[in-house]
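Worksheet: one structure, shown below.
These numbers come from a predicted model, not from an experiment. A note on names: the letters A, B, ... follow the listed sequences, proteins ahead of strands, and every chain is numbered from 1.
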2 protein chains.
Amino acid sequence: MDGQQARRRAGHRREEILQAALRVFAERGYRGASLAAVAERVGLTQQGVLHYFPSKERLLVEVLRLRDQLDRVRFAGGELGDAPPSRRLAELVSYNATRPGIVQSFTVLAAESVTEQHPARPFFTQRYASLRRELAASLDGELAGRLPPGLSSPAAAALLIAVMDGLQTQWLLAPEEVDMPALFGSFLALLRAGDPGRTAGQAAEKPPSTNSS
Amino acid sequence: MDGQQARRRAGHRREEILQAALRVFAERGYRGASLAAVAERVGLTQQGVLHYFPSKERLLVEVLRLRDQLDRVRFAGGELGDAPPSRRLAELVSYNATRPGIVQSFTVLAAESVTEQHPARPFFTQRYASLRRELAASLDGELAGRLPPGLSSPAAAALLIAVMDGLQTQWLLAPEEVDMPALFGSFLALLRAGDPGRTAGQAAEKPPSTNSS
DNA sequence: CGTCACCTACCGACCACTCGGTAGGTAATC
DNA sequence: GATTACCTACCGAGTGGTCGGTAGGTGACG
């Protein structure tokens, strides 16, 4: 009488739990979230969740790994696979502006991870380091020699990431007031100011494709 | 037999508790912190803390108010009272780079505040809004007409705040790798792109060539 | 004597996690 | 086709602990 058909989808349950956990962590943070809340969303008991993941901490780690992987796929691939990285970043920011839940999960968890003994700390430390490295390399390819004078590509990469993160916080708190994609586009325009044709061209023509506000 | 002389300093205890609470919230976040941990640092029991603050939530609110007030004093006043705002911001970032605890408290609490039903949410929503407003007004005074083309002063203000916040997260996770003051200085240089300005690795090496406008 | 500062004692809720089951499915053996 | 053996997928009940908060008291001081 019960959901015995669901039994068949063994791997499916795990994924359901991961998605529910992402949402719960986004809404309450890791420490504020409970396994029971995750379980409730997938129609299980807390013990049912622990059947699939040995501990809350492991659940968090797997959630992060999954999301990071999906994000990288989205950034690296897609129909924009061969567009310049700044263009793809702008696209990512616009996409994020339609998914506050996902944005919130990363904003909350990244900041929480800097606290003592937080299980996500190694993940985010490594993630930021590799993000900076990869993005700097991409920028070297795209804007070699065309960055503003005195701005190295590693510095530009760190600033780009900082702007993305910082805008997200402001946007989550006041989405009506903060036009995240437009502001990020403005920053990208600043980075191209060192171009030979500087002062030519308004920043207004640069903003990324779809920008609803 | 114990420190009963301390009884005299009634108002002093409150401040001790506020400072201890700031540290505990920084280390574990609001939800991850316990009143008992705060109490332990000032040599009280949990109930002793509740004698001074009626609830954990009220304690948080008062901590935020105190810190915000101190920060505003530091930004607005001091020996730099009449320096241009970008210079004062650079100074603030350099100062922050020596106080990871304070930085961490705001980074953690600001991000945590975007979660559901968080008691600090109104505080941060309002704080960011007024920060953007005031900073935009200051920029209008300092850099009127000299911002990069197409960049309004409200946009510049939002970006400045975003960069500060975003750099803090990266710096907290990898202080050796991320030179927060230098990176912030690089960003400030970008904002003066219209000017015949030079880019400085260190933001602190600017003579007070007062630009009154 | 009253007030302040603080404590002991306690409560009910919630936490992650464990243990010991049960219901059913699968596959080999007789 | 029945028995045996073993697997996955859970759940009920409990463990020990922590949480914020309350009630009521005690002792020092003015």
* Rounded to whole angstroms, how far apart are CG on B/Leu59 and C1' on D/dG20? -> 12 Å
* Asked: In residues 18-36 of chain A, which residues come under 4.0 Å of DNA chain C by heavy atom?
  -> A/Ala33, A/Ser34, A/Leu35
* Name the closest nucleotide to the A/His51 side chain, picking from D/dC10, C/dC17, D/dG21. => D/dC10
* Flag for B/Arg132-B/Tyr128: side-chain donor and acceptor within less than 3.5 Å -> no
* **For atom CZ of A/Arg58 and atom P of C/dC17, their distance in whole Å** => 12 Å
* **Separation of atom CD in A/Gln117 from atom P in C/dA16, rounded to whole Å** => 18 Å
* B/Glu91/B/Arg88 ion pair, N-O < 4.0 Å -> no
* Please determine, by modelled atom types, if A/Gln47 and A/Thr45 share a side-chain donor-acceptor pair under 3.5 angstrom. => yes
* Structure fact -> Whether each nucleotide of nucleotides 11-16 of chain D has a protein heavy atom under 4.0 Å at its base (B), only at its sugar-phosphate (S) or at neither (-) is summarised, 5' to 3', as BBB---
* Applying ring-ring contact (aromatic ring centres under 6.0 Å, His included), name anything that partners B/Tyr30, two or more places apart in sequence or on another chain. => B/Phe25, B/His118
* To do: Please test B/Arg72 against B/Glu134 for salt bridge (charged side-chain N to carboxylate O under 4.0 Å, His left out), starting from the C-alpha separation and ending with a verdict.
  => CA-CA 11 Å; B/Arg72 277 175 194 273; B/Glu134 294 167 17; 2.9 Å; yes
* If we only count heavy atoms from C-beta on, is the B/Leu160 to B/Leu139 side-chain gap below 4.5 Å? -> yes
* Could you go through the side-chain contact (heavy atoms from CB on, under 4.5 Å) check for B/Leu22 and B/Leu64 one step at a time? => CA-CA 8 Å; B/Leu22 180 73; B/Leu64 290 173; over 6 Å; no
* Between atom CG in B/Leu50 and atom P in C/dA5, what is the gap in whole Å? -> 15 Å
* **Protein-nucleotide distance (B/Phe53, atom CZ; C/dA5, atom P), rounded to Å** => 12 Å
* Asked: Between A/Gln19 and A/Arg41, does any side-chain donor sit less than 3.5 Å from a side-chain acceptor?
  -> no
